[in-house]
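Here the structure is laid out as C-alpha cells; the discussion comes afterwards.
The sequence lines fix the lettering, A, B, ..., with proteins before strands; numbering per chain opens at 1. Source: prediction; values computed, not measured.
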Amino acid sequence: MEEIRIHGRGGQGSVTLAQLLAQAAHEEGTWAQAFPAFGVERRGAPVEAFARFDETKITDRSQVDEPDYVIVQDTSLLEYVDVTDGLNEDGLVLVNTDADPEELDIETDAEVVTVDATEIALQHLGRPIMNTALLGAFAGATGLLGQDSMEAVITRKFGGEIGEQNVAATNEAFSEVSA
Amino acid sequence: MSSDLQDQDYTDEVEHGEELWNPGHRACAGCGPALAMKYITEAAGENTIISQPTGCMEVVSTPYPESSWGTSYIHNIFENAASVASGIEAAYKSFDRRDPDHLDVEKEDDVNIIAVGGDGATADIGIRALSGMMERGHDVTYIMYDNEAYMNTGVQRSSQTPLGASTTTSPAGEVSIGNDTNKKDMASIAADHGVGYVATASISNPNDFKQKVEEALSRDGPKFLHVYSPCPVGWSYESSKTVELAELAVETGLFPVFEMEDGEITSVNKIRDRKPVREWLETQGRFKHLFKDEKGEQAIEELQEWIDDRAEDLGLDA
Amino acid sequence: MSQSEDPYEDLKITTGAVVEPNTSRVNKTGSWRQFKPVIDAETCIACGQCDTFCPDQAAKPVEGEDFYAFDLDYCKGCGICEEVCPVDAIDMIREVK
Amino acid sequence: MAKAEQEPNPSGEQEVMKGTSAVAKGVMAADPDVISAYPITPQTGVVEKLSELVADGELDSEFIKVDSEFNAASTCIGASAAGARAFSATSSQGLKLMSEPLFTAAGMRLPIVMAVANRSLSAPLSIWADHTDAFAERDGGMLQFHAEDVQEAIDHVLMGFRVAEQVNLPVLSNFDGFILTHVQEPADIPSEEEVNEFLPPRDPAFTLDPSDPKTMGAYARPEHWTEARYEIQAAMMESKEVWAETVEEFKEVFGRDYTEYNGMIDTYHGDADYRLVALGSMCGTIRGVIDQYREQGVDVGLVRPRVHRPFPTEEIRKALGDAEAVGVLTKEMSPGYESALAGEIKGTLYHAENQPPIKSFVIGMAGRDITAAEIGAMIEETMEASGPMTFDEQESWPQLREELLQTGGDQ
C-alpha cells in the first residue's frame, strides 16, 4: 500500500489534491482512498489530507501516520509543521517551491523533490491554484500515475477550457520533475 | 314544567346531515373550540386533510379506536402540526407532478390541507413549525383556535392569555394580578411572514368564520386564521354562555375581527358603541380577583388601554 | 350522516393504530347530561340557530316537521341552544334519569 | 469473509466520490417523492448533493428546505403519512432534535428512511464521529444499520427503503461522520433501473387520501397502548426475516453479498479463538490488524453487527458463544454503566450455552483516531480476559489521557 500525506493551508485545495490522486490511481485500476484530517479549520490554517493506493480494497480508516510520500503545498509550513514526521526513509517529499531541495530546511533521509507548481499554475491557469501541477509532479517523481489517467480525471472534474488548462499544467509539471 | 315536556324525546326523529365533525366527541359541554371544528369541516368539506397538534380538540376527538373526524386526519405531536401539513402538501405536489393517478382526487389543488391547533400549540411551542411553513410558502391553511390558555393540561397560561387572567401558572395572588402580559399578535406575525391572507374570526359569527375559511382555501400558498373560541372550564363561566362571551369579546374590542391581505388590513368588522372590557371581565371567574383591590383596577385600566390602542390602530370603532 | 360500525366490535390494533372515520358516534355523550333541552314546537320558527351553535351536533330538524329538536344520545346539556334561541322556544329542564 | 478476496477490481463501474455524494446518488436511485433535511456537519454533503441533483433536474423529488431537523422529521412524517416515499439525513444534535417526532414515526408505522452521519453529542461541542447519537435513539422503534464503508452506506439506504416499506418502520442508516462522509473511495452507484428491479414502489396500507379518509395518530388509552407499541416489537422481529430476503434479493440484483448471518452480522475469521466486536468504519482498520496478528499465529477474528436494531440475538449467540474471549470495541458510552453495546452482548449471551469472558473498550470517541497499535493492544488485553471480573475491570478506556484528568493519573 502507498500512503500519501499532504500538508497545506485551508483554501489551498489539499482535499482536492488528495481526491485527484485517489481518482487517478483508481483510473489506473487500483483501489484508492482519500480523506482530510477532519477539522473546523478556516481558510489559511494549516491542514492535512491523506491518500492511499493499494492493489486490494483499502479498509484502514486510521490517519496516515507513516506516509511513503509527503506533499507540501506551501513552504511557510516548514517552519512550524514537522512534515517528515513518520515518513518512510525510502519515501519522498515533494515541495511546492522555486527553491532547490538543498536550500530547504528539511531534515530527512528520504528524497526531496521540488517543483514550482504555483508558477506553472500561474502560467497555465492565470491563478495560483497549484493542485493539478502538484498532481503531475507527484506522478513524475513517483511513477505511480500515468498522464492518461490524470488527464481523464481532470477532464471529468473540470471539463472545457479550464480542464484543458489544468491538463497542460499537470503535463508540464510531470515533464519537469521526470526530466 | 309539564310532565309531557319531561318525556319529550325526538332522538330517533332528528335529521343529521353530512357531518364531518361527529358527535360522540368528548369535549366539555359548551366547548367553544368544538364549534370551531364543526365550522371548519363544514366550510372545507370532505376533500380535506386535517393536521392537528396535541391539545383539547385532538384528545376529545381521537381516543383509539374512535374518531370524530369524517375527513382525513392526522395528529402527530404538540409542536409540529404546521410541519406535518407542509409534508403532506409536498407529498401531494409530488404526486400531482409525478403520479397524477395516485389518488381519486384530480389534483393537489383540489385537496384542502388544513392545520388546526390551539393557541399554545400554535403561538408558543409550535411557532417554529408555523414560521417555517409560512416562510416556505406551503399551500396550507393554518387555523389557530384560541381559548387563551393550555386547557388540555389544566388551564396553564399561554402567550394568548389576556392580561389579568388567573391561570394555574399565572395565579392571582397577594402581589399578582394574574397573567401580566397582553395577547401575542399572531395575525401580524403571520402577515410579516408574507402570508397573503390572514384573518381573525369568532365562533359567535359562524358565517363570517366559514366564509373566511372558504376564502383561505380558495387561495394558493400559506394562510393564517385566528378563531376565538371560549372555554367554559378554563374561563370559569356557565357552559351556556360560550357564544355570548365570544361575542362580548368582539364587542369590547378585546378580540378584533378583521382581514389582512398582503400585510394590509383590508376589512374590519366595525363596532358601534364599543363596550368597556370590564363588562366582559365580569362574566368570568378567571378575572374575579381584579374587582377586589386597587391593583386589579389598575390591571383593568391597563387592559382597556391596550384594547383602545389596538382599536385605534385597526380603525375598529364605527 | 355517515353511518359507521361499532369500532369496539372485534377490536384489533391496526398497523399504526389507524382509525376509521366517524366512529365516535359510538360514544353516547348524552349520559353526561344533567339538564336537557326541550322544545316548544309551537313557538319554534325553525331558524336553526340551535343547530348552528350546538357543539355536539345534537340540535337538528325533526324529520317531516317544521321545528327543531334534540338528539339526546349526544346532547351534553350545555344550554347554548337555550341562550341563542331568538324566540325562547327552548327550555333547559332538570333531567330525571 | 475476507472482503478483499471477493471484491471486484474497482475500475469497472465504480466511481471515486465523496461519501456524502455517493449516498445522495444512491438516494436518487430510490427516487423518493419527498426529501426534507437540514444541514449539519458532517451530514451536510448529503443534503447539498441532493439539492444539487434536484436543481439540475436529475432528481424529481419535492425537496423541503426546512428550518430545523425537528421539522425535517416532522415534514417527513406528514409526507409519509400521505403515502410518499420520504427521505431525510442528519447527525448528532440534529438527530436528538428529531428524537421526539422519530419515536412517533415508529409508532405510526411510517417507513421514513434516514441516513445518519454519526457524530458525538455535546457538550463539549464536537463535530467528530462516534456512535452516541445513534445509541441515544436506540429504543425508539427505528431499524438501525451501521455501514463499514461508503458502498455499504449507499446499499443500506436502498435496502432500508425495501425493508422499511414492508414492515412499516422507520430506518436510521448509520455511517460514521467524516471517516465515511468525507472519504473519497470507489463505490458502485446503483442505477435507477437496478433499483427499480430491487425496490418496488411504495404501497402503503393507509394514507391520508381524502377519498378514503382515515384518522392517523389517535391516542391510546392504557387498555390499548401496550398492544399498539408491542406491534413495533413484533414488526422488529418480523423485519429480521424481511431483511434476510432483502439481502438475498440485493445480492441477485447488485451482486454484492451481505447475506452472512442473514444480513445481520458480518464476520472476518469469525471462528477464531479471540473475537473482537465493533460497529461501523473502525472495523476496516481492525481487519488489517487482525491480518497482522494472524500472520504471527494469533487466532483472532471480527464479528461486526451490521444491524443493531433489531438486535441480532441468535446470530450473536452463534457468532460469539464458542469464543475463548471477546473484546467489544465501542464508540459510545453510557455514563454510570458500561457501553450499551457491551451490555447488550452480555445480555444476549446470558441465557446462551456458553458465556465467554468479555472485555469492553471505549475508543474513538469524538473522532479520536484509532491506530493499528491501539487495536493490537486491545487484542492482547482481550486474550488475557478470563473468569469473573469486577465492574471496573469489565470496561477500559485505552485512549484516555489520564494526565488531562483533574483526578490525574491515579488509575
Any side-chain heavy-atom pair of B/Y39 and C/T52 under 4.5 Å: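 Counting from C-beta outward, B/Y39 and C/T52 do come under 4.5 Å.
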Side chain from CB out, backbone as N, CA, C, O: work out which of these in [X] comes under 4.5 Å of a heavy atom of chain C, or both, or neither.
X     : answer
B/E13 : both
B/S72 : neither
B/Y73 : neither
B/I74 : neither

Under 4.5 Å from any heavy atom of chain B - which part of C/E20: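 When you check distances to chain B, only backbone atoms of C/E20 fall under 4.5 Å.
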Hey, does the side chain of [X] reach the backbone of [Y] with a donor-acceptor pair shorter than 3.5 angstrom?
X     : Y      : result
C/E82 : B/S240 : no
C/K76 : B/A27  : yes
B/Y10 : C/L72  : no

Result of checking C/T29, C/N27, C/D56 against B/H25 for side chain to side chain donor-acceptor pair (under 3.5 Å):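 Looking at C/T29, C/N27, C/D56, the match for B/H25 under the side chain to side chain donor-acceptor pair (under 3.5 Å) is C/D56.
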Crowding at NZ, B/K210 (>12 non-hydrogen neighbours, <6.0 Å):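 Enclosed: over 12 neighbouring heavy atoms sit under 6.0 Å from NZ of B/K210.
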Residues C/R25, B/E19: salt bridge by 4.0 Å N-O rule: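 Answer for the salt bridge query: yes.
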